[in-house]
Amino acid sequence: MQVKLSGFETQKDPIQNYCKLGCGILSSSGLAAFLIGLGTASASAEITPFQIQSTGTISGTIQLPSFNPNFNNRVTRVDTDSTGTYNRNIGSNSNPNYVPVYKSDYVKVQTRTDGSLHYFVDFKGVPVVAFDGILNSPVLSGGELTPYTYQGKLPGTKYQGVVQDEFGLTKAFYTGIVTDPKTGQQYEGTFQVSGQGPRYSDRNGGESPTVFDFKSDIPGKPTVTSYKMTNSPLVRLTINVPADAKLVTPPTTGGGSTTSPTPPTPPTPPTPPITTTSPSPHLPITTTSPTPTPDIEFSSGNSIAVNSPVFNFASMCVQNSENCRTKVTLTPKKAIGPRSRVLLR
């Protein structure tokens with residue numbers, strides 16, 4: 001079919017053009033909806049950066065940076081006796097047990113307001129780096145420390161820290177999986193971590209490097225430039241979860257416990273219709289005793305007792321064929337108690 005439009009060239013059937021136009025609009029709308037859906041899915045997968053707190057252990061040989069083998073400007077003051085000896089209590093407050101830990105030749109003394117003497121030793125903090133670090137924690141798995149360049153000068157650094165009254169892990173990067181102990185949710189990616197070991201005055205203070213191990217008492221000079229740690233405890237470990245971390249498992253409830261999903265209950269097959277057939281007159285008829293069952297009320301309001309005697313209609317059909325057309329008359333009965341309706345179709 002050709003249609004001549006005034007002022008235009010001859011075109012094909014306009015219905016086809018309308019169809020093409022409508023299909024194009026629908027296709028564009030579907031594409032737009034698809035792109036919007038992708039944007040929504042991406043937005044919903046974004047993670048708000050947060051921190052996970054845990055504990056752990058760290059190993060590796062820490063050493064003073066080669067381009068700055070000096071103490072830093074942080075000062076740790078340790079109380080000592082008059083000889084400059086620090087004693088750690090490895091017992092309890094009620095039953096103390098003091099053991100000597102470090103003796104300095106640079107003891108200082110001050111007079112308190114009550115006239116007593118206060119002996120102490122000042123130590124400088126020690127910045128350290130490690131190139132063979134290993135970090136373990138209950139919330140970390142399937143990964144390792146990722147090397148980076150320390151202050152743009154020391155490539156291959158596994159972690160950096162500072163040794164003072166405790167060991168401070170100031171910066172490291174762990175690539176692997178971290179589990180949030182509060183929710184059980186797992187995240188995969190590269191996470192910046194930090195932490196600290198026990199203080200020198202704690203009972204286990206000797207399990208982590210302190211200023212005593214580097215002999216950094218003032219005005220002394222560095223005499224120890226490296227220290228090997230083997231599973232030194234970290235009483236606090238902070239893992240920073242960034243926005244670009246990847247979700248590994250969906251969040252669970254119950255503090256991280258995983259509950260197996262309950263399998264769906266298969267649908268109950270419909271009850272096949274009951275077909276009543278008259279038994280053959282030549283076959284014996286077996287009459288069963290009625291089972292105690294509550295009365296049933298039909299939707300019409302009539303009721304019939306199921307416990308009524310069973311009539312042998314087949315036997316009656318043998319004697320008189322007209323009885324085969326006998327109809328059961330429902331006797332109205334007043335319902336007692338809750339009404340149970342059965343709809344017969």
Side-chain angles (χ1 to χ4, degrees), residues 49-76 122-137 139-178 187-200 205-246:
F50 67 101
Q51 292 183 337
I52 293 176
Q53 300 293 334
S54 185
T55 59
T57 61
I58 191 166
S59 302
T61 301
I62 55 176
Q63 55 187 294
L64 278 71
S66 57
F67 63 90
N68 183 26
N70 298 308
F71 301 142
N72 60 20
N73 294 324
R74 297 183 180 180
V75 176
T76 298
D122 287 337
F123 295 83
K124 279 191 175 182
V126 183
V128 293
V129 294
F131 300 96
D132 58 346
I134 298 176
L135 177 65
N136 293 307
S137 173
V139 300
L140 299 176
S141 60
E144 61 183 358
L145 291 174
T146 302
Y148 63 98
T149 300
Y150 173 74
Q151 294 187 3
K153 299 180 181 180
L154 293 179
T157 301
K158 288 293 187 72
Y159 62 85
Q160 67 189 70
V162 59
V163 177
Q164 298 179 140
D165 55 343
E166 61 197 10
F167 171 72
L169 175 64
T170 57
K171 185 178 182 181
F173 295 96
Y174 183 88
T175 300
I177 296 175
V178 60
Y187 304 88
E188 183 177 7
T190 298
F191 311 93
Q192 184 171 340
V193 299
S194 60
Q196 69 181 47
R199 297 187 74 250
Y200 73 92
E207 300 177 8
S208 180
T210 64
V211 289
F212 300 145
D213 299 294
F214 279 84
K215 305 182 185 301
S216 60
D217 37 349
I218 301 173
K221 294 181 180 180
T223 57
V224 177
T225 58
S226 66
Y227 180 90
K228 184 176 182 179
M229 295 191 300
T230 302
N231 294 327
S232 293
L234 294 173
V235 298
R236 179 184 58 82
L237 180 65
T238 301
I239 301 101
N240 295 282
V241 180
D244 60 354
K246 179 182 177 182

Which pair of non-hydrogen atoms, one from [X] and one from [Y], has the smallest distance, and what is that distance?
X	Y	value
G205	T210	O-CG2, 4.1 Å
F214	T225	CE2-C, 4.1 Å
F191	V178	CZ-CG1, 3.4 Å

Backbone of [Y] reached by a side-chain donor or acceptor of [X] within 3.5 Å:
X	Y	value
S232	M229	no
T170	Q160	yes
D122	D217	no
S137	T55	yes

What I'd like to find out is whether the side chain of [X] reaches to under 4.5 Å of the side chain of [Y], using heavy atoms alone.
X	Y	result
K124	V211	no
I62	V129	no
N136	N231	yes
L64	V126	yes
L169	L234	yes
L135	V193	yes
E166	P198	no
V128	F167	yes

Quick one, F123 with Y200, criterion ring pair (Phe, Tyr, Trp, His ring centres under 6.0 Å). Give me CA distance, side-chain angles, the key distance, then yes/no.
CA-CA 12 Å; F123 295 83; Y200 73 92; 8.3 Å; no
Full working for side chain to side chain contact (heavy atoms under 4.5 Å, CB included) between I134 and E144: CA-CA 7 Å; I134 298 176; E144 61 183 358; over 6 Å; no
The side-chain hydrogen bond (donor to acceptor under 3.5 Å, both in side chains) partner of T190 among T175, T146, D244 is T175
message: Go through it in stages, so that I can follow the logic: the residues are Q63 and Y227, the test is side chain to side chain contact (heavy atoms under 4.5 Å, CB included), and I'd like the CA-CA distance, side-chain angles, deciding distance and then a yes or no.
response: CA-CA 6 Å; Q63 55 187 294; Y227 180 90; over 6 Å; no
Row check, F67 ring normal vs K153 NZ/CZ: under 6.0 Å, within 45° = yes
Nearest-0.5 Å distance that lies between atom [atom1] in [X] and atom [atom2] in [Y]:
X	Y	atom1	atom2	answer
E188	S141	CD	OG	9.5 Å
R199	S208	CZ	OG	12.0 Å
L140	I177	CG	CD1	10.5 Å
K228	D132	NZ	CG	8.0 Å
Y187	I52	OH	CD1	6.5 Å

By ring pair (Phe, Tyr, Trp, His ring centres under 6.0 Å), F173 pairs with (sequence neighbours left out) Y148
Centroid separation Y159 to Y150 less than 6.0 Å
no
Below 3.5 Å, can you tabulate the donor-acceptor pairs from side chains in residues 235-243 to any protein atom, sequence neighbours excluded?
residue: R236; atom: NH1; partner: T238; partner atom: OG1; Å: 3.1
residue: R236; atom: NH2; partner: Q196; partner atom: OE1; Å: 3.2
residue: T238; atom: OG1; partner: Q53; partner atom: OE1; Å: 3.0
residue: T238; atom: OG1; partner: Q53; partner atom: NE2; Å: 3.3
residue: N240; atom: OD1; partner: Q51; partner atom: NE2; Å: 2.9
residue: N240; atom: ND2; partner: Q192; partner atom: O; Å: 3.1

